[in-house]
Structures are given as C-alpha cells and as structure tokens.
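Structure, as structure tokens:
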2 protein chains.
Amino acid sequence: MARATIAEVAELAGVSQATVSRALRGVGKVAPKTRAKVEAAADRLGFTLSKSASSLASGKTMRVVLLFSGKLNEWFNANVLQGVCEVLEPEGYDVSPTFVTGRQETERYFAQLPKNRNADAIIISSFQLDESAREKLRVTDMPTVGVNIPAESFCDAAIGVDNYDGMSKAVRLLKSLGHQRIAFVVDYIPDDMVYSTSQRMEAFLEAAEQNGYDDEYAYVITADEHDAPLSKADLAAQLVAKLLSLPHMPTAICAETDQVAIAVIKELGKQQLHVPEDISVIGFDDADIAQAANLTTVRQNPLEMGRNAARKTLSLLRGQTPDASYESQEATLMLRDTTRRVATDRS
Amino acid sequence: MARATIAEVAELAGVSQATVSRALRGVGKVAPKTRAKVEAAADRLGFTLSKSASSLASGKTMRVVLLFSGKLNEWFNANVLQGVCEVLEPEGYDVSPTFVTGRQETERYFAQLPKNRNADAIIISSFQLDESAREKLRVTDMPTVGVNIPAESFCDAAIGVDNYDGMSKAVRLLKSLGHQRIAFVVDYIPDDMVYSTSQRMEAFLEAAEQNGYDDEYAYVITADEHDAPLSKADLAAQLVAKLLSLPHMPTAICAETDQVAIAVIKELGKQQLHVPEDISVIGFDDADIAQAANLTTVRQNPLEMGRNAARKTLSLLRGQTPDASYESQEATLMLRDTTRRVATDRS
DNA sequence: TTGTATGCGTTATCAA
DNA sequence: TTGATAACGCATACAA
C-alpha cells in the first residue's frame, strides 16, 4: 500500500493539514463541506491517521494494559479480557493483554512498571500484591483499576465478585439440605498470590459460623505446601485423602473453584463415593466446565466485570470519577446435579 | 512520574542521544562502559523509550493485530491468543486482539483494512473469507498469517489442525468398535463463516466412505437454517429430533465440536438414551469441557497453533520465509467414557 | 565507537 | 472556520 500522509490528503482536499486532522477526528469546528471534501480525499488515498504519530503529538498512547495473574486461556481471564475489549476498542483504545505467572515474574513486572509510559491506564486482575508492588502502582501516574482486587486498595477504582455473598449462599444451601458436616477444599495458597481463593476460605468459615456450624462441623481442607503447581488430579487425590482420614467425613463439600470441584468429584468416584448420593459438592465460578459436568456452583460473571472495569477506566481517562468506584458483584447460586438433601437416616 | 526523555538520559550519562538510543536497544556498536553508564542513568531517571516515538521514527509499529472470528472468551480463541502472546511479547511486540462476530462486522473490518498501517503484521484465525476480503488482505502490505484458514490461501503462512486426519481417526475408532451406522451432527453452516466445521463434515463423509460405510450408513445431520445463533441446548434438541426420526438410528455420533457433543448427550439423556450404553458420542477439540464431561474426543491444540503462528509471523517480520509456511497439526484421539463397543446382539 | 543532524506524521497553539 | 508552525521523542544516515 502506498502510505499516504496527512499532507497528501490536505493537498488533494485543498486544505491545510490542521484541517484534515480536525475533520478526520471530528474535533473542533470544521465546516460540513470541508469535512466532506477531506473525507473524500482520505478515502481516495486509503488514508488513516498514524497511531504512532498521533500518540507522539498528543501525548495519549490510546493503549490500556490489561495485566493478568495467570494465563489468558483461563476461563476467568479470557472473559475479563473479552469484556474489556468490548467496551474499550469501540472507543479507539488498544488493549494490550499481559500476563505474569508466579511470584518472580510479578515482581519483575512491577519493578519496571513505574517507568512505563507506554499506556494511558492499567487494569489489573486477580492480584494479591505486596506492599512494594502497591507502592509501584501508586507512584505510576496511570489510572489504575482492579478486577477482583482487595477493596482497601491502591486502585482508583475496582470491581469484583462478592465472595462473602457467594459462600454464604453455598453454605445456606447446604444447611437447608440438612448437611451437618461440611468442608471447604482448597489448594495450598501462597500468601502472596491468588486473592479470591483466600477470601472464599474466610467467607466459608464465617458463613459456617453464622449458620450454626461449630468448629468440628465445618472443616477447611488445604493441600500441603508445594512449589510447582499441582495438577488438578493430584490436588484432588490429596484433598480426598485428607477428607477420608477425617474423624468424621463431611456430607458436603464446597470447593475453591469449579475445576477443583470437578477433580474432587472424579477422585471421589475412584473411591466409590458417588456424588450426590454419598456426598454433595458445590463449585465456584460457573465456568463452562460446570455446566458440562452438571455441577452445582456459585456463579460469578467475569465478562461483566471486564466491561465494568473498562467503563471505569474510560471515566478515569476522561478525568471523571466513576459513579461507583468500588463495586461488588452479587453471586448467584446455580443449582444442578451435584447437591442433594442429606440422607434422612442420620441423626 | 516525571517523564524523562532520551535527552535527559544522554545528558546525565554524558553521551549523545544517539548513543543512548543504541545502548538501550542493544544495537550497533557501543562500548560496554558506555552502555553501563547509559543504563545507570536511564535507571536513575526511571526512563523507558517511548513506544510512540520509536514507532514514528523507525516506521515499525511493533504491534501485531490478532483477528478472531467470534469472541475472545471462546476456548479456541483464548488459547490461540495465549500462544501468540507467549512468543510475541518477549520480542517486544504488542499483540492487539480484535474480534468480529457475524458477517457484517467481518465485511466492515476488511473494508477498512487496506488503509490500516497501524500494525506490522496480522494474524487471522478461523475465517472463511470471501473473495473481496481476500483481495483486501492481499493488497495490504502487512505480513499475514492464518490459523485454521483454508490452505489455498491468501496468507503468507498458516497453521491449522488436520481436520481430515482427526475425523479419520474418529471414524476408524467407531469402525473398530463395531458401529455400523454412524452420523455427523452439525449446526447449520452459513456458507461464509466457520471454516473448520464444514471441513470436518466433508472429512467425515470421506472417512466414512473410505472405511466402507455406504451412504445409508453414514448420515450427516444438520440444523435448519437460522439467522440468530441457536443456544446449544436448542440446537441439540433439534439434532436429536432429526436423529430419532431417521429410518435407522445410528449407534454412534461424531459431533462438530465438544460443545455440541455435550449438548447432544444431555438431550439424549432426556430421551432416556444413555451414552455410551445406547449410543456412542465423539466430540472435537478436547476443550476443558471435554475432560469435565469425560467425553471421547479428537484433540487439537490451539495453544500450540498460536505459538506456531507467532513464530511464523516473527520470521516474516524479519523478512525471512518461515521454515514451513503452511503447516498442519496432527489430531489426537482422546479415548474417554462416551464411546463403547457396540452391543453384540446386532447383526 | 560516538556524535550531529534530519525526518518520522501527527497534534495543538496561535494568528488570521 | 481555517492556516502556519512549533513541538512530540526517538531512529538513523552520515560524519568524525
């Protein structure tokens, strides 16, 4: 392609570069006739404004970075990304998905963050950041919005699911179904990552207490500490082993996520424990796999979170304060086939 | 943040701007000592090269567009994206995910493509393009690489799964298991979208023929034409209805995708037909849901396709020809719980 | 190996 | 409403 410049368009249209610029961007006062001329000329030359040149001249990069903890092909992240793109791209922004896996990469990323002037804003998803990283974020002059980030935060705005709400609903369901011993199963949680998981654990315990489960009736089962991530199958094997070696086996389990729930169900099956006949299981997320496995679960909506975060970002970018800077999404219980009223032959 | 410029770094380091530029990018000849000085200065100022300015000066945008048909939260797309990002981002490229859904958006996108000089390359995934769109792509001077794109193509390079290979394996499995009547179930295929689906259908028929299935022993069941996309449940209901109204019910089904396979299995269940006891089902993809549902399926690896496409893009960007411009990924049969040897009481 | 000078294609300020 | 013109921050050809 011939790469036309604004100058050629100006010449063809018989106006100045400045006018072309104004006309094409739709800013400032420009006569309808002039605009038409310019647009015709631009069209004929197959001309588009150069993003690089615009950025340089205006100081706006028209880019927003979307930082994930984990991979882009994870259900949650992919949905947030889709949501963000849906609202940001029509506004002319490029979204630049980035991801870090593990502690080291995270540190490295935040270490070099302050000097990054190559984006207008940053959206960060599902991080549990240490003080040093938070500090780095604070000193950045970029608007920062968080998705599933602790509320007492260092972000200008944030959106997340209400894990407390979600776990309460799960626990109340189990209570209604007559379950007297319940457990929360969860992978080992490194203290510096994965925010939502630890919050769900706390929420489970709190909800259990509020619903009258004493300590010995509501367990938390955690995997042993490990460095390399465990396969879900291995994790489930470990968790089920711990479950089965409990003084009293619970009749219902809440899992950290759908993934873990499904892995646990498979492992239980290997031990001839059937779900939901012998034991009920509830997941968290309502990812695609939950439907495929007919899993009762607590639904969150990362797609909508992404859209919401992007809207907040847009506000910030315009120098406004978002309507509700810190928002929390209600969680929904999805009743499917892995929960059941407890057998009546127990006291 | 103070936004330092290259000039300030140069001054602090006591060298020229040009030297700073060279030192920081690691190009050209620059003395180790000088480089160290420059790096120290840059570090102290919290300086990073401005992407916009670099782009403008060099003519390279350092951006590659990744165009999807469908949403970014679909399993296939999310995986391709992850793969592409994994290899492109370490090389300093921004990947800009874009998506179009439906015919109109696609047309609009390609219509304005030729004048898009805001990327160095474009990767397009899973498109079935009409001649006009192809032409637009051809006239673009950007390197173009395809993912799951017809081979006789308008791309400089491409990678895709071998749908023929995959469907052959599926059909051969069913033959080995003694199934004598088999069917392929598929959503209505608008002739201008979804490439792989129609290819799989053809591949099924071809494989069936090669394996000795006569016409009346290998059916293709297609949904009726419709404008708005059907929910998977509705689609499955329609497909199962057609299946059940066949002169002879097949004993095994190959589905277009895992999604369709799982929806069909659920619908069959509603009709008291159990999988695999009464009928075997094979999916295609091996997405997360396939594992969750214990679905026998044909595996493709979009993550690896993404990486591969990105590597090809990199080659093209460097002016080289990729080792293998057009590659095809072998498909793998994943044997799980939805297929079974046909009951022996049939002839 | 380093420095000088020019240009990249816009935007934005100021006049007209 | 439009036109000059000076930035914007860097890469690169060329000279030293």
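The sequence lines fix the lettering, A, B, ..., with proteins before strands; numbering per chain opens at 1.
For DNA chain C, the span of nucleotides reached by chain A at under 4.0 Å from its heavy atoms goes, 5' to 3', from C:dG9 to C:dA12.
Ionic pairing of B:Arg318 and B:Glu91 is present here: one or more N-O contacts between side-chain nitrogen and carboxylate oxygen are shorter than 4.0 angstrom.
Within the structure, salt bridge (charged side-chain N to carboxylate O under 4.0 Å, His left out) pairs that include any residue of residues 307-316 of chain A comprise A:Glu86-A:Arg307, A:Glu304-A:Arg307, A:Glu304-A:Arg311, A:Lys312-A:Glu327 (at least two apart or interchain). Among residues at least two apart or in separate chains, salt bridge (charged side-chain N to carboxylate O under 4.0 Å, His left out) pairs with a member in residues 47-56 of chain B are B:Lys51-B:Asp94.
For the salt bridge (charged side-chain N to carboxylate O under 4.0 Å, His left out) test, no residue two or more places apart in sequence or in another chain qualifies with A:Arg25. Under the salt bridge (charged side-chain N to carboxylate O under 4.0 Å, His left out) criterion, A:Arg138 pairs with A:Glu131, A:Glu135, not counting sequence neighbours.
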Walk me through whether A:Thr19 and A:Ser16 qualify under side-chain hydrogen bond (donor to acceptor under 3.5 Å, both in side chains).
CA-CA 5 Å; A:Thr19 301; A:Ser16 72; 3.1 Å; yes
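Although no hydrogens or angles enter the test, the distance criterion places a donor-acceptor pair under 3.5 Å between the side chain of A:Asp156 and the main chain of A:Thr144.
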Going 5' to 3' along nucleotides 5-16 of chain D, which nucleotides have protein heavy atoms under 4.0 Å from the base (write B), which only from the sugar-phosphate (write S), and which from neither (write -)?
---BBBSBB---
